[in-house]
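Here is the structure we will look at, set down as structure tokens.
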Amino acid sequence: MQAFSIKTKNISIMADYNFREIEQKWQSYWKEKGTFKAEVDPNRPKFYSLDMFPYPSGAGLHVGHPLGYIASDIVSRFKALKGFNVLHPMGYDSFGLPAEQYAIQTGQHPAITTEQNITRYTEQLKNIGFAFDWDREVRTSDPAYYKWTQWIFMQLFKSYYDLDANKALSIDSLIERFETLGNKSVKAVSDEDTPVFTAEEWKAFSEKEKQEILLKYRLTFLAETTVNWCAALGTVLSNDEVKDGFSERGGHPVERKKMMQWSMRITAYADRLLQGLERVDWAEPIKEMQRNWIGKSIGADVVFQVKDSDKKIKVFTTRVDTIYGVTYLALAPESDLAASLITEDQRATAEAYIEVAKNRSERERMSDVKTISGAFTGSYAINPFNGEEIQIWVADYVLAGYGTGAVMAVPAHDERDYNFAKHFGLEIRQVIEGSMENGSFPGKGGFIINSGFISNMYMKEAMAKAIAFLEEKGIGKGKIQYRMRDAIFTRQRYWGEPLPVYFKDGLPYLVEEKDLPLVLPEVDKYLPTEDGEPPLGRAKDWTYKTAEGEFPLEMSTMPGWAGSSWYFFRYMDPNNDTAFADKIKTDYWGAVDLYIGGSEHATGHLLYSRFWTKFLHDIGAVHIDEPFQKMINQGMIQGRSNFVYRVKGTNQFVSHGLKDQYDSFAMHVDVNIVHNDQLNLDKFKAWRPDLADAEFILEDGKYICGSEVEKMSKSKYNVVNPDDIIERYGADTLRLYEMFLGPLEQFKPWNTNGIDGVYKFLRKLWNLYHNSAGDFQVSNAPATKEELKALHKAIKKMEEDMANHSFNTSVSSFMICVNELTALKCNKREILEPMAILVSPYAPHIAEELWSLLGHSESITKATFPEFDEKHLVESAFEYPVMINGKMRAKLNLSLSLTVQEIEKAALADEAVQKWLEGKAPKKVIIVPGKIVNLVV
RNA sequence: GCCGGGAUGGUGGAAUAGGUAGACACGCAAGACUUAAAAUCUUGUGGGGGAAACCCCGUACGGGUUCGAUUCCCGUUCCUGGUACCA
């Protein structure tokens with residue numbers, strides 16, 4: 001009877017670490033109990049942990065994607081154990097080009113592919129055991145979501161940027177001011193060509209004229225703009241979607257083209273976007289990238305009169321202090337003014353030059369910086385400071401898109417101007433004290449010479465005087481110029497949010513809010529129409545009906561960044577039908593406390609989100625002004641390819657170490673059939689039919705593969721799928737291993753060479769709670785000093801690592817702790833309970849299982865993080881390294897209560913030390929108690 | 001070109017306030033268990049010399065500061081990310 005019962009027990013409870021069973025069990029438990037449901041709770045501090053919005057691609061997740069999610073999951077779970085109310089959501093940026101390209105090829109509606117991809121992504125994410133509140137999932141392509149993307153667009157349309165208030169204000173308030181005062185006194189961000197008018201003139205304008213003027217102020221507006229046109233994709237692209245003259249997605253050529261486009265007046269926020277960077281805790285390089293992208297320059301506009309003409313040329317310069325050194329003006333080839341200034345005697349050469357320069361592609365111009373080219377127009381301008389006549393040139397080093405498209409050239413103090421002047425034999429006139437031996441020099445802050453009334457001054461003073469002169473004469477003013485351009489907001493594509501806009505008399509009007517969402521219509525094909533309209537031109541009845549009649553709706557859709565610029569607010573209140581999110585909720589959750597994602601979004605998403613947040617702040621919709629308080633940029637996981645070496649002309653494969661003895665060539669082999677660089681021969685034969693009868697030349701009985709770090713891609717057979725790792729080792733091992741691989745921010749190749757160690761760790765952890773028969777067994781006996789010390793070392797380390805986001809070192813410290821406890825044969829509840837909590841953020845499934853075996857009925861996620869107590873780590877003795885001249889020569893175990901004199905005495909008495917001292921007394925003795933002894937002889 | 005980040009054993013990496021370089025893990029080697037293999041466990045493992053004690057060298061390279069430098073400073077090389085005629 002006795003024997004029988006034991007046997008039954010062994011069979012029923014005997015438990016090796018069975019990750020499959022455990023992980024499924026707890027994932028279902030979390031789902032059923034709604035463990036990670038987050039609700040507003042004013043009595044608890046909040047923590048908002050966010051991952052960058054994924055685009056659900058058809059390829060599914062590979063092992064690199066979850067890296068950041070695992071890190072944020074660990075932080076989220078840790079914060080919850082620390083008593084925080086954690087918001088940790090996940091959702092999908094589900095509008096995008098790949099689904100549409102696929103739709104064009106197959107005719108399948110992008111919504112269907114997108115849905116399939118999301119299902120796959122969600123399944124993969126759930127297998128990893130993330131503490132996401134899945135009830136908050138959002139999708140940008142869901143009408144209930146994009147209703148509010150459209151709503152935000154409408155608010156932008158109804159707003160302008162007021163420079164006195166330094167915020168966005170309603171366009172209605174602007175109209176009121178126009179009606180009473182005209183626009184002369186209005187300081188607002190508007191188009192360059194905005195006319196000045198009085199109240200009377202305003203009132204006399206027609207409805208059409210009024211709307212045209214208002215468009216020059218609206219924060220989102222329709223205007224003729226030079227855009228990046230990608231013919232292959234049939235759409236315009238934003239600057240951050242273009243890399244080296246080619247589209248980021250697909251690598252198609254991109255050209256500059258003038259088109260009527262919707263834009264967002266992000267430039268109005270340039271300065272606040274710059275200022276705000278001071279207040280966020282981001283990695284410095286990302287901030288620097290944004291600063292460069294915004295590109296603030298402080299300088300002045302200067303107007304040059306064209307000689308014998310009423311034409312004027314406005315230039316922007318950051319160095320008015322060098323204005324007496326100007327020896328020519330240069331205009332961009334695209335400039336209409338340049339063409340009009342060409343005189344008869346220069347016509348042939350200048351026009352030919354403009355023709356060539358204009359038609360050179362952006363890419364050509366960029367890659368060919370060294371070649372200096374230009375042409376004299378034949379016209380002269382007058383330098384307003386000294387009345388000198390200077391030549392006006394056309395030069396392709398001047399960009400039409402920056403400043404005024406014209407520069408005042410100071411060859412002595414600007415390298416490009418210098419090279420140009422040298423090349424064409426133009427005058428070089430020095431106006432700052434210094435040596436011209438090595439060509440031009442910027443001489444910033446230098447002493448000004450040969451410069452009329454600003455001579456004998458330093459830069460700062462000279463600039464102030466020169467600007468005062470310009471303003472007094474009405475021929476210029478101090479100005480701040482930004483490199484950043486307004487963001488194009490339309491794409492001539494199907495799979496995006498429709499703009500809630502219709503056209504009347506050729507002018508845009510908003511649809512009424514009650515008609516939102518303006519749902520994406522069905523079309524027969526996802527291609528442009530025959531007459532070049534965007535795909536929405538194919539939709540039937542794509543019109544808007546008002547009391548006045550039926551009007552055509554806008555046919556372009558919003559760009560990919562629209563939906564992702566505000567999704568972090570929607571997570572706070574994902575199902576709200578009356579607002580994009582309830583104010584009480586946005587007030588409570590506030591800014592994202594930790595944002596983890598790649599640095600590739602530095603100048604796109606991260607800038608646009610900040611812009612929209614500031615706008616929503618201005619209109620009183622949210623109280624925060626910066627969306628992401630702290631950000632960590634995880635490094636990309638690269639692929640690590642494996643190779644086999646085929647002997648030429650045979651079906652023989654030679655192992656890596658022997659390949660040089662044969663005439664062989666390398667061939668990619670699927671990394672999933674290679675373990676620790678050793679090829680699984682059976683799986684290799686089964687991999688492809690032509691390899692079934694492959695033969696091998698082995699070294700030490702093994703086939704060793706070569707390896708190389710490359711991008712993770714299907715064609716290189718180096719894609720590792722998280723599901724495969726989970727199938728083999730479990731989600732907890734995957735989570736631990738991704739963290740163990742190295743610092744989160746670092747770029748690193750994925751290889752599974754070390755994964756066994758992490759898996760072994762989990763088994764050792766499991767064994768602490770089980771006896772050798774595999775039965776759960778913990779003791780209630782009090783813990784020993786050593787056991788407590790091992791535990792508290794780990795607690796301390798984890799606390800520190802969490803503060804520094806050093807996840808890899810925490811995994812090591814868990815291993816050390818488990819190794820120590822195993823050596824101590826510890827199975828005390830007093831140790832093992834806190835131990836389970838400690839590892840639970842990293843390995844939540846096994847931790848839940850152990851926690852429940854320990855007799856707890858509630859999830860371990862509701863436990864409290866163990867309190868660190870320094871007293872367990874206090875040592876009474878220390879093994880001093882004793883150094884002679886900085887080299888470690890002896891070790892000395894001494895009590896920490898010894899005084900410096902006593903330590904010195906003990907050190908000098910040591911045998912090994914005596915040998916090195918050779919009987920002499922040390923010249924100098926350095927003793928740092930608890931650290932080191934160093935003797936100088 | 002300009003602005004960042006980096007370089008540590010065979011490999012991933014550690015050293016968080018200048019104080020024992022190489023924690024932890026992989027791999028490798030030897031041993032135990034096994035008919036055998038796998039798994040597991042034990043021991044060793046930066047390089048060179050030595051039977052050993054121990055000695056010399058060693059954190060990309062060259063200098064410097066310091067009693068003491070992977071850590072701070074100056075210079076060089078290589079890798080890597082961003083950006084590109086921005087007036």
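Basis for what follows: all heavy atoms, side chains included, without hydrogens, waters or symmetry-related copies. Chain A is the first sequence line, chain B the second, and so forth, proteins listed ahead of strands; every chain is numbered from 1. Because the structure is predicted, anything quoted here is derived from the model rather than measured.
Listed candidates were B:rC85, B:rG19, B:rC67. Nearest to the side chain of A:K931 is B:rG19. When distances run from any side-chain atom of A:M289 to the nucleotides B:rU83, B:rG82, B:rA21, the shortest one goes to B:rG82. Nearest nucleotide to the side chain of A:F316, out of B:rG13, B:rA87, B:rU20: B:rA87. Each of B:rG13, B:rC85, B:rG19 was ranked by its minimum atom distance to the side chain of A:I926; first place goes to B:rG19. Listed nucleotides B:rC85, B:rA21, B:rA14 differ in distance to A:M883; the shortest reach to its side chain belongs to B:rA21.
Using a 4.0 Å heavy-atom cutoff across all strands shown, A:N804 reaches at least one base atom of the nucleic acid. Residue A:R291 is classed as having no contact, given no heavy-atom separation below 4.0 Å to the nucleic acid. Here A:Q746 lies in heavy-atom contact (under 4.0 Å) with sugar-phosphate atoms only. Backbone-only engagement by A:P743 is indicated by non-hydrogen atom pairs under 4.0 Å involving sugar-phosphate atoms exclusively.
Of the two residues contacting RNA chain B, namely A:R483 and A:G742, the nearest-nucleotide position lying further toward the 5' end is that of A:G742.
Rounded to whole Å, atom P of B:rG5 lies 19 Å from atom CD of A:E600. To the nearest angstrom, P of B:rC3 lies 10 Å from CD of A:E288. With rounding to whole Å, A:K923 atom NZ is found 11 Å from B:rG68 atom P. Going from atom NZ of A:K924 over to atom P of B:rC67 covers 5 Å, rounded to whole Å. Note: CZ (A:F814) to P (B:rA14) measures 16 Å, nearest angstrom.
Of the nucleotides present, B:rG82 is the one that pairs with B:rC2 by Watson-Crick or G-U wobble criteria, both distances under 3.5 Å.
A salt bridge between A:K748 and A:E738 is absent, with no side-chain N of the basic residue lying under 4.0 Å from a carboxylate O of the acidic one. With respect to the salt-bridge test (charged N to carboxylate O, under 4.0 angstrom), the residues A:K287 and A:E278 do not qualify. The residues A:R291 and A:E288 are annotated as salt-bridged, a charged nitrogen and a carboxylate oxygen being separated by less than 4.0 angstrom.
For the P atoms, the distance linking B:rA37 with B:rG31 amounts to 12 Å, nearest Å. Rounded to whole Å, the separation between the C1' atoms of B:rC33 and B:rG50 comes to 36 Å. B:rA15 and B:rC28 are spaced 27 Å apart, taking the P atom of each and rounding to whole Å.
In terms of phosphate contacts, A:R640 brings no side-chain nitrogen or oxygen within less than 4.0 Å of OP1 or OP2 of B:rG12. Distances shorter than 4.0 Å separate some side-chain N or O of A:W916 from OP1 or OP2 on B:rC55. Regarding contacts with the backbone of B:rA87, a side-chain N or O of A:S297 is found under 4.0 angstrom from either OP1 or OP2.
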* For each nucleotide in nucleotides 23-28 of chain B, reading 5' to 3', give B when a protein heavy atom comes within less than 4.0 Å of its base, S when such contact involves only the sugar-phosphate, and - otherwise. => BBSSSS
